[in-house]
Amino acid sequence: MIITVIALILFIGLVGVALLGGRLRRLLPAEQLSDESKDAVKLALGLVATMTAILLGLLISSAKGSFDTRELK
Amino acid sequence: MQMAAKVTLLDRVLKLYGPEAMDARRALRDAIADGVQHTWPADRSRPVRLDSNQQIGDAVYVAISGLVPHDETQRALKTQAATLMVQLAEFRALVQAQAVSSVSKPLLIALVIWLVVIFFGFSLLAPANATSTLALVAGAFSVACAVLIILELDHPFAGMIRIPSR
């Protein structure tokens, strides 16, 4: 039960952060959102996204592995 | 799975031993029924207790030790049964010891922080219309599902994904 609550909180938090980013974007001056700065942001985010994908895959495979070990017992 | 195989074998050994082992078989059956009931309760919302039937398990062991073998076959069968019983207790202790979480908390916290950074950055770049918002919400939903699966697999005796009782 608490697991579902944790996942739900994560989902709501991520949506909230996304909405907050949308708000903040309107406050930024227009020259900060040039094509070059957008490219830089995309590059940095691509790095973080790759690391997150690797970590997510690692955690899922390790959790599945321990589940299978316990099922064999 | 291995525990179930050992229980079946132990029951067969006791059956082969003869009518004197009826008490041990009955005690074994009680212990197994009690263990299954505690590990997989009918009411799924109740917490699972893995450490409940030590006295009943001891009763089986005492019943097996109390058997007086009359010939060579029965002596061998009694030794087999005692060995199987000790192995079962070993397995049970191992399962209890492994019931603690195996996914490391710092990795999970780092994952969540990176996810927050990613979604903040993406929403800074995305134009403020319904399509891009929906795409971001769909991404957040799938990531939350992935974390849910990780945590569910990590707690095999609780939640939606469980080890089946068969």
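Convention: sequence-line order gives letters A, B, ...; per-chain numbering from 1.
- Only the side chain of B/L136 comes within contact range of chain A, with heavy atoms under 4.5 Å apart.
- Nearest heavy atoms, B/K78 versus B/Y17: CB-CE1, 4.2 Å.
- For the side-chain contact (heavy atoms from CB on, under 4.5 Å) test with B/M85, the passing option among B/L10, B/V7, B/V13 is B/L10; the others fail.
- The minimum heavy-atom distance between A/L14 and B/A140, with the atom names listed, is CB-CB, 3.7 Å.
- With chain A as the partner, the residue from B/L94, B/L125, B/V137, B/D154 showing the most heavy-atom pairs under 4.5 Å is B/L125.
- At a 4.5 Å heavy-atom cutoff, the contact between A/L28 and chain B is made by side-chain atoms alone.
- The shortest non-hydrogen separation linking B/S142 to B/A138 is OG-O, 2.8 Å.
- Using a 4.5 Å cut-off between heavy atoms, B/V116 touches chain A through backbone and side chain atoms alike.
- In the model, B/N129 has a side-chain atom that pairs as donor or acceptor with a side-chain atom of B/S132 under 3.5 Å.
- Residue A/S66 touches chain B through its side chain alone, counting heavy-atom pairs closer than 4.5 Å.
- Counting heavy-atom pairs closer than 4.5 Å to chain B, the top residue among A/L45, A/I60, A/L10 is A/L45.
- A salt bridge does not link B/D30 with B/R26: every distance from a Lys NZ or Arg NE/NH1/NH2 to an Asp or Glu carboxylate oxygen is 4.0 Å or more.
- Contact annotation for A/I6: only side-chain heavy atoms (C-beta onward) come within less than 4.5 Å of a heavy atom of chain B.
- Using a 4.5 Å cut-off between heavy atoms, B/F91 touches chain A through its side chain atoms alone.
- When the candidates B/V117, B/L107, B/V147 are compared by the number of heavy-atom contacts under 4.5 Å with chain A, B/L107 comes out ahead.
- Contact record, B/L153 with A/F67: O-CD1, 3.6 Å, taken as the closest heavy-atom pair.
- With a 4.5 Å cut-off on non-hydrogen atoms, A/R26 touches chain B through its side chain but not through its backbone.
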